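First comes the structure, then the notes that go with it.
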Amino acid sequence: KAGVTQTPRYLIKTRGQQVTLSCSPISGHRSVSWYQQTPGQGLQFLFEYFSETQRNKGNFPGRFSGRQFSNSRSEMNVSTLELGDSALYLCASSLSGQFLTDTQYFGPGTRLTVL
Amino acid sequence: AQRVTQPEKLLSVFKGAPVELKCNYSYSGSPELFWYVQYSRQRLQLLLRHISRESIKGFTADLNKGETSFHLKKPFAQEEDSAMYYCALTNAGGTSYGKLTFGQGTILTVHP
């Protein structure tokens with residue numbers, strides 16, 4: 001079974017631009033979560049989508065948004081990029097998004113650098 | 001608010017020695033705890049979860065609600081255990097959809 005895939009793997013943008021990252025979950029998984037990983041803050045939850053609906057959201061500004069398509073693929077968008085948005089963005093998928101018996105599988109991440 | 005603390009950023013042991021990676025949490029609800037591991041050049045992956053009460057690759061973890069801890073232990077460390085280890089928490093009621101709260105991680109190095 002193919003794992004979670006994320007594209008692109010690396011991105012370089014300048015301040016003020018916007019960026020869209022893509023995530024394809026494991027086949028059959030309907031829950032997709034996004035995390036931001038930085039050296040200072042570690043892994044922080046951005047949001048989760050299930051059946052095209054955002055069910056949960058972390059404490060990030062409105063510049064961070066996402067969506068999910070009917071095939072469960074998800075995108076996240078960051079508008080008006082700031083230097084502090086430089087990070088590894090991880091996507092994770094699971095069957096249900098509820099982890100007592102379900103498992104969240106992580107992708108390799110997209111490394112975003114904002115200059 | 002929920003918080004996971006891993007007090008050791010780096011931990012070094014010799015092969016065959018016992019290892020304990022510490023994890024403390026604060027959470028007002030009923031928590032479910034996990035350990036995730038990331039080996040060099042690999043993805044973050046689940047090592048074990050509290051609810052399963054299982055031992056994976058010789059690792060075990062006990063939830064101590066009194067001390068709000070979920071330390072990861074292995075009696076005899078192996079070189080292949082060298083990795084980054086993350087402790088993570090979610091709501092046991094299953095309402096924190098898709099969300100895990102992670103600690104900052106501990107880099108374990110097992111020397112030959």
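All of these numbers come straight from a predicted model, not from anything done at the bench. All chains are named by letter (A, B, ...) in the order of the sequence lines, taking the proteins before the strands, and each is independently numbered beginning at 1.
Most heavy-atom pairs under 4.5 Å with chain A: of the set Gln104(B), Glu32(B), Lys99(B), this distinction falls to Lys99(B). Listed options Ser96(B), Gly98(B), Ala88(B) were ranked by heavy-atom pairs under 4.5 angstrom with chain A; first place goes to Gly98(B).
Contacts of Tyr105(A) with chain B are absent, with no heavy-atom separation under 4.5 Å from either backbone or side chain. At a 4.5 Å heavy-atom cutoff, the contact between Leu44(B) and chain A is made by backbone and side-chain atoms alike. In this structure, no portion of Ser94(A) lies under 4.5 Å from any heavy atom of chain B. Neither the backbone nor the side chain of Gln44(A) comes within less than 4.5 Å of any heavy atom of chain B. Proximity to chain B is absent for every atom of Val32(A), based on heavy atoms less than 4.5 angstrom apart.
With Glu48(A) as reference, Ser31(A) is the one residue of Ser74(A), Ser33(A), Ser31(A) to meet the side chain to side chain donor-acceptor pair (under 3.5 Å) rule.
Ring geometry, Tyr36(B) versus Phe34(B): the interplanar angle falls from 30° to 60°, so the pair is classed tilted. The aromatic rings of Phe102(B) and Tyr35(A) sit perpendicular, their planes meeting at an angle over 60°, well past the 30° parallel limit.
Between the side chain of Asn77(A) and the main chain of Val19(A), a donor-acceptor pair closer than 3.5 Å is present.
Note that Arg43(B) lies outside the cation-pi zone of Phe106(A), set by a 6.0 Å cut-off to the ring centre and a 45° limit from the axis.
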| field | Verdict with supporting geometry, Asp81(B) and Lys74(B), salt bridge (charged side-chain N to carboxylate O under 4.0 Å, His left out) | value | CA-CA 10 Å; Asp81(B) 296 328; Lys74(B) 185 169 183 176; 2.9 Å; yes
